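Everything on this sheet refers to the single structure shown next.
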Amino acid sequence: MIPTLRRLVLPLAVCCCAWWPLRAQAPEKSAAAPVPDVRLVQASLDERSLAELLAQVETRFGVRIRCKRFDADTVRLRWADSRLRPYSLSETLDNLLRPLDLVWSGSDRITVQPYEYYRRTPADGAKLLAWLSAQYADRGAWEQRRDVLLTEAREALALEPFVRGLVARPLVRLGRKVVHNGYTTQNYALETLPGLYVCGTVYAPLRRGRHPLIISPAGHWEGGRYRPDQQMRMATFARMGAVAVDMDIFGWGDSERQTGRDAHTADYAMQVQVLWSRAVTDWVLSWRRDIDRKRMAATGGSGGATHALLLALTDDRFAALAPVVHLVSHFDGGCPCESGRPVTLVAGGSCTPELLAAAMAPRPVLTVSDGGDWTASYPELEYPFLRRIWGFYGAEDRVRNVHLPDERHDYGPSKRRAVYEFFAETLGLDLAQADESCVELQPEEALRSFADALPDGAIRSQEELERVVGELK
């Protein structure tokens with residue numbers, strides 16, 4: 001026996017010997033409870049279908065149950081009827097669903113769905129923001145945390161293998177330039193990873209000179225960058241004097257023709273989308289000589305707001321940012337293209353408002369929120385948090401919030417108007433040209449970069465893309 005261990009064990013043995021006679025003489029208060037036979041417990045567990053068990057719950061409690069985003073027939077579990085609580089529907093459902101990482105809501109009509117790790121409550125957001133605020137009392141303390149946030153967020157994205165995989169001399173397909181009232185449109189397809197193209201449209205002013213650049217990733221609204229509201233926004237930016245460039249969200253639009261829609265929810269979707277935003281920015285700067293690099297901005301709605309933020313997190317050249325209807329403290333987006341990487345877990349736990357501050361403070365930022373989605377909390381919850389951080393620089397007026405309590409989740413006319421006014425002030429655009437009636441809406445076919453056929457050597461399936469991605473790691 002090792003000497004040190006002997007010194008520890010011998011006194012313990014003495015203590016045990018001294019205690020035992022005393023314990024043996026003590027009166028016995030009660031008989032020991034029988035130890036359950038694990039084999040009997042396991043024998044009472046039957047493997048059952050979740051659909052079957054939910055049907056029994058419906059019958060017993062007189063409710064209707066539907067499953068959202070999964071098929072209950074495909075889920076099997078080991079169930080003991082002793083978990084059922086005849087006096088409580090809620091306890092029965094909790095006992096049934098929690099081990100499966102499923103949650104439920106409702107009373108007579110109940111919805112069961114997977115637990116959403118990316119979604120919390122405004123009360124949870126308030127607690128998180130209070131905890132974050134306690135981490136820094138002044139500019140110096142904030143900047144120490146900011147540096148950690150930026151470093152760890154970039155590490156969490158794990159983008160470097162994808163950046164190294166970019167084609168050194170990418171193929172670029174430029175469509176015909178079309179002249180409209182005060183602006184032009186030109187479709188593009190830019191090769192990024194070998195055979196994988198990002199597609200979009202460049203909206204540019206007719207007048208000569210140095211122009212701001214506005215990058216705008218598409219969001220999750222059906223129709224993507226072909227939607228009328230996206231065209232309105234991009235064309236008006238161009239009429240106001242900016243070169244405005246949008247792009248498909250990965251796996252949608254022209255991208256869907258290469259990979260299929262399912263690729264959008266793959267575990268690498270977030271990395272590809274951030275890579276695309278950066279690649280498009282770098283390409284536009286190398287291609288056009290009329291860009292004022294000191295006046296670069298990004299905007300997007302919903303998922304597009306997330307990708308505008310992620311672009312700013314990985315590229316510090318942006319002078320202004322305008323995320324619309326997103327980026328709150330209690331919702332991370334949910335789609336793998338937005339929250340597939342653990343960015344909001346960095347530095348001990350963060351949230352998108354704090355990451356927004358890390359990327360942009362004290363540069364100008366406008367957030368636009370409404371009363372019809374999760375951004376209803378913005379004026380009272382997230383906005384004061386952001387103002388406090390900008391206040392460390394004496395720049396509270398550079399972070400703004402336009403809240404539209406009677407509106408819902410979109411990038412509609414009043415939201416666009418707020419962004420036009422913000423970019424007119426911060427980028428020096430001509431607000432007098434923000435007349436959407438002058439915009440010529442184009443059919444989807446006119447904005448497609450692959451209107452005819454995919455280029456030679458282009459990826460044509462998700463399986464092909466995954467072979468390329470697999471070679472990066």
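Worth saying up front: this structure is predicted, and the values here are computed from it rather than measured. Positions are given from 1 along the sequence.
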Start with the C-alpha distance between Ser329 and Glu382, add both sets of side-chain angles, then the distance that settles side-chain hydrogen bond (donor to acceptor under 3.5 Å, both in side chains), and finish with yes or no. CA-CA 7 Å; Ser329 57; Glu382 288 82 10; 2.8 Å; yes
Would you please indicate yes or no on a ring centroid separation below 6.0 angstrom for His220 and His307? no
Is there a side-chain contact between Gln144 and Tyr136 (heavy atoms, below 4.5 Å)? no
Would you call Lys415 and Asp410 a salt bridge, taking side-chain N to carboxylate O under 4.0 Å as the test? yes
Salt bridge or not for Arg225 and Asp248, using N-O below 4.0 Å? yes
Looking at Arg139 and Glu143, is there a salt bridge between them, counting it only when a charged N and a carboxylate O are closer than 4.0 Å? yes
Basic-acidic side-chain contact under 4.0 Å: Glu471, Arg467: no
Carboxylate-amine/guanidinium contact Glu256 Arg261, below 4.0 Å: yes
Less than 4.5 Å apart, any side-chain heavy atom of Val245 and any of Tyr203? no
SB check Lys294 Asp292 (cutoff 4.0 Å): no
So, do Tyr420 and Phe422 have ring centers that fall under 6.0 Å from each other? no
Salt-bridge present (Glu160, Arg154; N to O < 4.0 Å): no
Any chance you could lay out the side-chain hydrogen bond (donor to acceptor under 3.5 Å, both in side chains) test for Trp276 and Thr192, step after step, and finish with the verdict? CA-CA 7 Å; Trp276 278 5; Thr192 53; 3.2 Å; yes
How far apart are the C-alpha atoms of Gln442 and His180, what are their side-chain angles, what is the distance that settles it, and do they pass the side-chain contact (heavy atoms from CB on, under 4.5 Å) test? CA-CA 11 Å; Gln442 300 184 76; His180 307 275; 3.6 Å; yes
Less than 4.0 Å between a side-chain N and a carboxylate O, is that true for Arg341 and Asp267? no
